[in-house]
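One structure is given here, and the rest of the page talks about it.
Residue numbers count from 1 along this sequence.
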Amino acid sequence: MPHENPSGSITHITAARSSSLRNRLRDGTPYATRTVSVETTLENGLEDEFESASREGVGPQGPVAVVIEHDDPVETTALLERCHATDAAVPTIVVPKAGSEALATAALRGNADEYVVPGTDEDPVERILETIRSTRETSVETARTRPSTRSADRDYHRILANELPDEAFVLGEDGTYLEVKVRPDAAELYTKPADQLTGEQLQNVFPDDVAAKLEACIDRTLRTDTIQTIEYGAKTTEGDRQFEARVVPIDDRIEGQRAVVWLARDITERAKRERELRSRQDQLETLNRISTVVGQVIDTLVEAPSRDAIEREVCEQLVDSELYCGAWIAERTGEGTLAYRTGAGGAETYLEAVEALDADHEWLGQRTVQTGSAQTEMDVQTSEAVPEPLRNAAREDDVRSAITVPIDHNDSMYGVLTVLASRDEAFSGDELAGFELLGETIGFTIMAVKNRQLLFADTVVELEFRIDGGDTFAFDLSEEYGCTCSLEWAGTTSSGRTVQYVMVDGIDGETVLEAAGDHHSIEECRLIHDGDASCTIEMRLSESGVRTLANHGATIRDVSVEDGVGRCVIEVSQDADVREIAEALTVVYENTQLIARREVDRSVQTAAERRNRILDQLTDRQLTTLRLAYYSGFFDWPRESTGEEIADAMGVTPPTMHQHLRKGLKAVLCEFFEVGTETE
C-alpha cells in the first residue's frame, strides 16, 4: 500500500446541525474535515470551498474527497452536479443516514464514486479512505506513465513497482504480456501463476471473444494516443470476476514494439452492487407501472355496463400496458374444468395448448379452481411442473412467467383470470398482491352489475330448481323427521357472515337444536321461536347454495325442503347466464335440475302508492302510536322521550302503548321484507 499524504482536507456536505459522521472523519482519517451546509452548496456552489482546500495543501484539484451526508434524492443529485462541475477529478461519496432506493438511484445516476449503504456492518470511514486512496493512486499512476523526458523502461517499471492497482501489466501492441505485476491477494485468483504470464498472448489467456475485445482496446489506445477505460470478465479460482482497466499508451517502443500499461482493478463487488441497484430500480419502475395499470383497470370497472364488458376491458388494458403478452378469462364448468370466455394478446399458441390439454394434465388454472387462490409459474419454458405442450408453446410465444387469479366474491368463483408475461420472475411480491386485489375487485364488480341489472329490470326471469338429496342440514333433517324446512330470509352481515332464518314445521325446537349440534354443515345454530310442532332457527352454514345464488345476482323468492327434496325459486335479469347459475348451484348440490323457466313482468309502483298501501295496513291506534314515537324522539339515540311519556300522552298504559308500537312497526317492516324472501 502506498504511503498516504496526510495533508489536505475532506469536504463534508450535510444539512444536519450535528453529525456523528463528521466526528468520525476528524478522528478516523489523516485529513482535516471541512463541513459545508447543503443550502450553501446549492446556492453558491463549491468553487470557493475547493480554492480554500487547495490553499491547505491538497493541490489545484481541491479537496481529497467530497462526502455528501444527505437523504434527499433530488438535492443529492444537484450536489453531485455541483461537485463535478467544479472539478470532476475529486471523488464523491454519498453516505446517507437512512437511505432509500430513490437515493441510491440518484447516487448512481449522479456518477458518485461510492454509495455507502446504511445499516450494514461496513465502516463508512474505511470506504471513504479506500475511495480516496484508489482515486489518488490511479491519478498518480496515470501521470507517471506519460512523461516523455524519461526512458520508457524506467517509466513502466516504476508503475509496476508501486503495486497501486490489483493488477498491472505491460502489453505489446500484438497482445503479448511484456511485464506482469500482480498483488498477492489477486494472484491467488489466477488459474495460471502470474509469473508464467510473461510472454503469453491475450488470446491464450482469455476466451476468443474477450481477447478480441481487449486487443481492440489496445489498438484504440495506441491509435488515438489517449487513455482508454474498459470493463471485462475473467475466470478465476473463485469463479467469474469483473475487472476495470485503465489502458495508458507508452510513448517509446519496448522490445521493438509499441506498448501500453494496463492497470486493472477487481470491481466484482462494485459491479454486483450496481447490478442490484439497477435491478431494484427496474423492479420499482415496473411495479409503479403495474400499480398504474391495475388502478386504471379497477377505475373502468366502476362504470362497466355488463359482465362481458368488464372481462373484455380487463384483458385489453392489461395487454395494452405492454407489461403482459397475453390475458384471458375462463369460467368454471359443471365438470370442474374451465371454458374460455374472452381474452387479448398475441400468445395464441399457448392458449391453444391450454385448451388442448387432457384432463390428466394439470395447469395453473385448474390449481386455482381447486385451491381458490392465485397460482404462479416463474419459468414456464423449462419448469418440469409445466406440461410439455405448454413449455413448447411458451417458447414459441416467448412466454416466461404466468399467473392465474380467481375471480371471486363471498366464496363464489365466477372464473379465472390468466395473465402471461415475457419477463423472467414476474408476478412475485407486490405484483402478485396487486393481481389478487384485481381478482377480488372483478368478482365484486360482476356481482354488483348482476344485482344492478336485476334491480332495474321491468321483466325478470324466474327459475325453479329441484334438488335431490342435498348434503346440508335442512335436507337431512326433513328426511329423518318428515318435517318441512322453509327459508324466511338469508343475508350477509357486516362481518361477512351468512345468516339464514329457517322455519321448521313438524318438529319442536329442542329436537332441531340437538340435530344441528351433530351436523357437519352447521357452524352455529340458535333457536328464535319454539312451538310444539314448529320452530324458527337462526343458523350459519359452512357452505350454502343460497349464498351462491345471491353472489350470482339472483333474488331468492322461495326455498323449501320436504322429505329430502328441495325446491328453489329465484329471479334473475333477462340477460343473466342461466347455465352459469345452474352450474354454480351444482357445485354445492350435486343433483340439481332446472325444471322451469318463466318470464315475469314486474308491476311498477310509485312511492306514494307504496306509502298508501302501508298506511292501509295500520289501525288508527298503531298509526297514532308510530307518529307520537317518531315526532317525540323515541327512536333517537339517546331517546328524547320514554315509552311511559308517550303512553301518558295517549292516555293508555305503557304495555298497551308498546303493543300498538310493535304491531305498527311489524306492519311497516312486513311491507319491505315479506313481499319475497330477498337476500342482501
Side-chain angles (χ1 to χ4, degrees), residues 409-412 447 451 465 467 469-571 584-585 587-589 635 637 658-659 661-680:
H409 179 69
N410 283 346
D411 299 331
S412 289
M447 183 273 295
N451 287 338
F465 293 94
I467 305 170
D471 191 27
T472 56
F473 178 62
F475 286 90
D476 290 346
L477 189 70
S478 69
E479 193 168 15
E480 182 175 354
Y481 293 97
C483 60
T484 301
C485 299
S486 302
L487 179 68
E488 291 193 319
W489 179 81
T492 304
T493 66
S494 59
S495 62
R497 300 172 57 186
T498 299
V499 179
Q500 297 184 17
Y501 291 87
V502 178
M503 177 182 289
V504 183
D505 189 20
I507 190 173
D508 64 276
E510 183 178 348
T511 304
V512 172
L513 287 181
E514 183 178 351
D518 297 330
H519 202 277
H520 65 87
S521 70
I522 296 289
E523 292 186 351
E524 291 182 8
C525 186
R526 182 169 70 94
L527 186 64
I528 302 299
H529 168 74
D530 192 14
D532 293 335
S534 66
C535 65
T536 301
I537 59 172
E538 175 192 275
M539 63 179 183
R540 183 159 66 97
L541 300 177
S542 57
E543 190 172 29
S544 170
V546 170
R547 181 174 183 177
T548 298
L549 292 170
N551 290 335
H552 280 77
T555 296
I556 313 296
R557 288 305 178 195
D558 181 45
V559 176
S560 61
V561 181
E562 185 175 1
D563 296 330
V565 178
R567 175 180 177 271
C568 176
V569 180
I570 66 173
E571 287 182 357
L585 195 57
V587 173
V588 182
Y589 304 115
F635 296 112
W637 187 262
H658 282 289
Q659 181 183 11
L661 184 64
R662 293 291 182 117
K663 288 184 176 180
L665 285 174
K666 184 175 182 180
V668 173
L669 295 176
C670 281
E671 178 63 27
F672 291 95
F673 298 142
E674 295 296 338
V675 173
T677 308
E678 301 187 15
T679 61
E680 289 185 346

To the nearest 0.5 Å, what is the distance between [atom1] on [X] and [atom2] on [Y]?
| X | Y | atom1 | atom2 | result |
| --- | --- | --- | --- | --- |
| Arg526 | Met539 | CZ | CE | 13.5 Å |
| Arg557 | Cys568 | CZ | SG | 12.0 Å |
| Trp489 | Thr536 | CH2 | OG1 | 14.5 Å |
| Arg567 | Glu562 | CZ | CD | 11.5 Å |
| Cys535 | Glu510 | SG | CD | 11.0 Å |

Scan residues 472-482 for pairs that pass side chain to side chain donor-acceptor pair (under 3.5 Å), counting only residues two or more places apart or in two chains.
Asp476-His519
Would you check if the side chain of Ser521 reaches a backbone N or O of Phe473 as a donor-acceptor pair within less than 3.5 Å?
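Yes; judged by distance alone, with no hydrogens or angles, the pair exists.
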Member of Ile528, Leu527, Asp530 meeting the side-chain contact (heavy atoms from CB on, under 4.5 Å) criterion with Ile537
Leu527
Exercise: identify the closest heavy-atom pair between Ala490 and Gln500
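Closest approach of Ala490 to Gln500, heavy atoms only: CB-CG, 3.7 Å.
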Pairwise side-chain contact, Leu541 with Ile522, heavy-atom cut-off 4.5 Å (strictly under):
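Side-chain contact under 4.5 Å: yes.
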Does some side-chain heavy atom of Ile507 sit less than 4.5 Å from a side-chain heavy atom of Val512?
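Counting from C-beta outward, Val512 and Ile507 do come under 4.5 Å.
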Take Leu513 and Cys525, measure what side chain to side chain contact (heavy atoms under 4.5 Å, CB included) needs, and give me the verdict at the end.
CA-CA 7 Å; Leu513 287 181; Cys525 186; 3.8 Å; yes
Going through the distances and angles, do Phe475 and Tyr589 end up as a ring-ring contact (aromatic ring centres under 6.0 Å, His included)?
CA-CA 11 Å; Phe475 286 90; Tyr589 304 115; 5.5 Å; yes
State which residues pass ring-ring contact (aromatic ring centres under 6.0 Å, His included) with His658; sequence neighbours excluded, sorted by chain then number.
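For His658, no residue satisfies ring-ring contact (aromatic ring centres under 6.0 Å, His included) once neighbours in sequence are set aside.
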